[in-house]
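Contents: one structure, followed by commentary.
First the proteins, then the strands, lettered A, B, ... as listed; each starts at 1.
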2 protein chains.
Amino acid sequence: MRPPGARGATLKDVADRVGVHPGTVSRALNPATQGMVNPDTVRKVQRAAKELAYRPNPMARGLKTSRSMTVGIIVPDITNPLFPPIVKGAEAVLTEAGYTCLIGNTDNDIHRERDVLEAFIGRQVDGLIVASAQLEDEVLRHAADGDRPLVLVNRRVEGARIPLVVGDDAGGMEMAVRHLAELGHTRIAHLAGPQFLSTGRARARAFRQSMHEFGLTVDPSLVLECATYSVEAGAAAAAALFEATDAASAPTAIACGNDQIAIGTYDVMRERGLRCPEDVSVVGYNDMPYVDKLAPPLTTIRVPHPLLGAEAARIMLRLLTGEDTATSVISLPVELVVRGSTAPPR
Amino acid sequence: MRPPGARGATLKDVADRVGVHPGTVSRALNPATQGMVNPDTVRKVQRAAKELAYRPNPMARGLKTSRSMTVGIIVPDITNPLFPPIVKGAEAVLTEAGYTCLIGNTDNDIHRERDVLEAFIGRQVDGLIVASAQLEDEVLRHAADGDRPLVLVNRRVEGARIPLVVGDDAGGMEMAVRHLAELGHTRIAHLAGPQFLSTGRARARAFRQSMHEFGLTVDPSLVLECATYSVEAGAAAAAALFEATDAASAPTAIACGNDQIAIGTYDVMRERGLRCPEDVSVVGYNDMPYVDKLAPPLTTIRVPHPLLGAEAARIMLRLLTGEDTATSVISLPVELVVRGSTAPPR
DNA sequence: TTGAAAGCGCTAACAG
DNA sequence: CTGTTAGCGCTTTCAA
């Protein structure tokens with residue numbers, strides 16, 4: 001019985017069939033070295049390879065070249081609708097270039113991130129695209145010192161010079177605040193994402209800044225941090241927000257750190273008999289799938305996630321080929337999508 | 001520039017440090033062969049390995065053993081909320097067992113499925129878990145003949161003996177129809193999923209059967225097939241359904257092939273001024289994330305997707321170790337989740 | 001219990 | 001243009 005995996009013709013099989021040396025077959029089949037081979041031989045080799053259904057063994061090749069043609073993509077949670085589009089965008093570009101992608105989940109746990117990273121490095125990935133970064137991420141800061149390209153996407157690491165592709169968090173939050181300000185809101189709350197994530201921090205900072213910009217004051221009791229980017233954490237923060245305010249001090253609008261937080265806010269508002277947008281306007285962030293189907297359809301900031309992934313992959317490719325040595329930082333434009341959850345205050 | 005160890009210590013480095021032969025180090029480090037080595041030597045080797053931060057090179061190992069410790073998971077679309085939980089469930093089990101997962105998208109295209117499959121086989125994956133099967137899937141039928149374990153999840157292939165893990169489509173649809181029948185509905189429509197997918201076919205068949213079971217007649221004009229499992233296709237079918245019926249012949253309830261179709265149905269009903277559930281009750285299928293946040297919250301059939309993935313992975317593991325040679329078919333129980341989209345007919 | 005040696009399939013110098 | 005050669009890092013006989 002053949003061991004699992006003992007299959008397929010080898011270079012030598014092809015060589016024998018054509019009557020040449022394996023080295024020649026290798027050259028004939030490799031586009032880069034094909035020029036050094038007699039066109040006639042090339043043709044014969046290609047035909048034989050086809051006939052024998054020859055497929056190069058990437059392990060043998062990798063052992064020799066110490067490249068695996070594999071890129072690892074690390075996401076905090078593949079079941080969070082945010083990340084699959086990023087993965088898909090990256091994968092499309094990488095696959096096109098002949099790379100295969102390994103995908104790893106960290107479950108938002110920095111220790112699991114280390115494990116996944118180790119596993120990927122152990123698998124000899126040629127590069128790493130990481131969407132799970134936390135602001136104080138020693139693991140990544142250290143990984144960036146290695147000799148393996150690392151590209152961050154969606155989230156950044158504090159004080160590390162790592163190539164990066166993000167959505168324009170400052171611009172997005174400014175759009176959200178401007179939209180609410182233009183509707184006439186003045187008491188605007190912010191349910192911020194976790195402050196140990198760059199997106200949470202950047203959006204919170206942008207919230208304050210934009211408020212000032214539009215001549216509005218930030219009431220500290222209207223700015224709360226959610227423990228995570230989840231519906232539950234959003235609901236908890238929203239509940240705390242409404243508990244802490246009375247009719248006079250309550251916000252007329254809420255800018256949420258992401259869409260899940262906005263959904264949690266919807267839930268709490270419903271429980272408390274508050275209507276959206278009549279009593280309180282709500283703005284989300286990300287425009288994840290199906291938020292246009294909520295009641296009311298969620299006004300939110302659309303982040304071009306597939307593009308983020310694709311751009312990160314392109315940077316990776318350039319890093320891999322040595323074309324690019326600079327530490328690029330790309331901030332992609334986002335877009336305000338106005339739906340039914342925002343209206344002028346009453 | 002390069003931190004010491006970044007280049008990775010080899011077995012020989014460890015051997016040199018301990019003063020033994022590389023073969024001995026290999027045996028000492030491999031749990032299976034560790035018994036043949038002097039415990040003292042084992043300890044010394046392990047210490048040296050740790051000191052040198054030795055990590056076995058999977059390519060070298062794979063070249064020798066012709067196993068890659070890699071399993072490919074193929075899904076039709078990673079951005080469809082259905083599939084990430086399956087992937088996550090499978091990945092958890094496989095990672096635990098020391099395997100790494102490759103994830104591939106087919107974009108619901110049977111040609112891309114072949115490409116991804118080829119790519120994975122070229123990458124020497126030890127086994128394949130496929131969630132993208134179509135009923136007439138020559139590619140998979142052929143792949144099943146190979147010497148590489150193949151496990152199907154969520155969808156099946158007609159007339160092929162391939163191990164399989166699915167949700168209980170017949171049982172789920174029966175629950176949906178029973179629920180509607182018990183509410184008093186008699187004119188029940190079915191917006192079926194694509195009939196070239198096993199889930200679409202199984203649920204449609206179960207719909208008819210359950211209707212008979214509950215003494216209801218199936219009006220052919222109330223059973224329509226959606227071109228795909230998408231919101232758009234669902235909306236198109238729902239529109240056709242309402243176009244083709246008048247006040248007397250219109251359904252009072254609709255059992256949908258999946259949740260996306262139900263969402264499309266919601267959209268069309270809203271456009272036409274039909275209220276849910278007052279005018280028409282709607283039942284979805286899958287219980288994908290956030291359908292409890294729709295207006296009204298969607299009554300649906302919950303499929304335990306993470307479990308499907310986990311079970312498929314367990315079968316794969318057994319196939320890989322040769323423990324299991326039988327072609328297991330596992331049908332996992334599903335559950336009716338009653339929410340706000342169903343009510344007695346008026 | 002350990003060492004020696006032979007490759008796994010491929011690439012890349014180096015000859016010819 | 002093509003053959004030869006020497007490994008990449010590891011496992012696994014076979015001896016000792």
Side-chain angles (χ1 to χ4, degrees), chain A residues 2-46 48-49 52-70 98 121-124 126, chain B residues 5-46 48-49 52-69 98 121-124 126:
Chain A
R2 274 198 306 174
R7 47 186 80 107
T10 76
L11 219 41
K12 182 165 183 312
D13 295 330
V14 180
D16 286 352
R17 172 173 262 245
V18 182
V20 296
H21 192 272
T24 305
V25 176
S26 173
R27 286 184 284 250
L29 258 23
N30 183 297
T33 51
Q34 203 167 280
M36 345 174 141
V37 177
N38 184 316
D40 237 44
T41 315
V42 171
R43 226 163 307 118
K44 277 192 282 188
V45 166
Q46 285 174 335
L52 294 174
Y54 168 74
R55 334 188 111 288
N57 182 327
M59 298 185 139
R61 193 207 299 269
L63 189 55
K64 187 67 194 172
T65 61
S66 67
R67 307 201 318 133
S68 62
M69 292 304 282
T70 293
I121 291 177
R123 308 288 306 176
Q124 313 288 112
D126 294 337
Chain B
R7 213 227 176 319
T10 77
L11 218 41
K12 182 163 182 313
D13 295 331
V14 179
D16 286 352
R17 172 173 265 244
V18 182
V20 296
H21 192 269
T24 304
V25 176
S26 172
R27 287 184 283 250
L29 257 23
N30 183 296
T33 51
Q34 202 166 283
M36 348 174 142
V37 176
N38 185 316
D40 237 44
T41 315
V42 170
R43 225 163 309 120
K44 276 191 282 188
V45 166
Q46 285 175 334
L52 294 174
Y54 168 74
R55 329 194 113 286
N57 181 326
M59 299 185 139
R61 193 208 298 271
L63 188 54
K64 189 68 195 171
T65 61
S66 64
R67 306 200 320 134
S68 63
M69 292 303 281
I121 291 177
R123 303 300 291 187
Q124 312 289 107
D126 294 337

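In this structure, N38(A) places its CG atom 6 Å from P of dC1(D), rounding to the nearest Å. R43(A) places its CZ atom 13 Å from the P atom of dC1(D), with the value rounded to the nearest Å. Summarising the geometry, the separation between CG on L63(A) and P on dT11(D) is reported as 12 Å, rounded to the nearest angstrom. The separation between D40(B) atom CG and dT2(C) atom C1' is 14 Å, rounded to whole Å. The interatomic distance linking D16(B) (CG) with dG3(C) (P) rounds to 12 Å, in whole Å.
Interatomic distance, CZ of R61(A) versus OG of S68(A), reported as 11.5 Å (0.5 Å rounding). Atoms CZ and CD, from R27(A) and Q34(A) in turn, are 12.5 Å apart once rounded to the nearest 0.5 Å. How far CG of L11(A) is from CG of L29(A): 7.0 Å, rounded to the nearest 0.5 Å.
For the pair M69(B) and D126(B), the tightest heavy-atom approach, listed with the atom from each and the gap, is N-OD2, 2.7 Å.
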Which letters describe nucleotides 11-16 of chain C, given B = protein heavy atom under 4.0 Å from base, S = only from sugar-phosphate, - = neither?
-> BBB---
Before giving the answer on side-chain hydrogen bond (donor to acceptor under 3.5 Å, both in side chains), spell out for T70(A) and R123(B) the whole-Å C-alpha distance, their side-chain angles and the decisive distance to 0.1 Å.
-> CA-CA 10 Å; T70(A) 293; R123(B) 303 300 291 187; 2.4 Å; yes
Step by step, would you call Y54(B) with D13(B) a side-chain contact (heavy atoms from CB on, under 4.5 Å)?
-> CA-CA 9 Å; Y54(B) 168 74; D13(B) 295 331; over 6 Å; no
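If one axis is set at each end of the helix from dT1(C)-dA16(D) to dG16(C)-dC1(D) from five pairs, those axes are 40° apart, to 10°.
Electrostatic pairing of K44(A) and D40(A) does not count as a salt bridge here, judged by no charged N lying under 4.0 Å from a carboxylate O.
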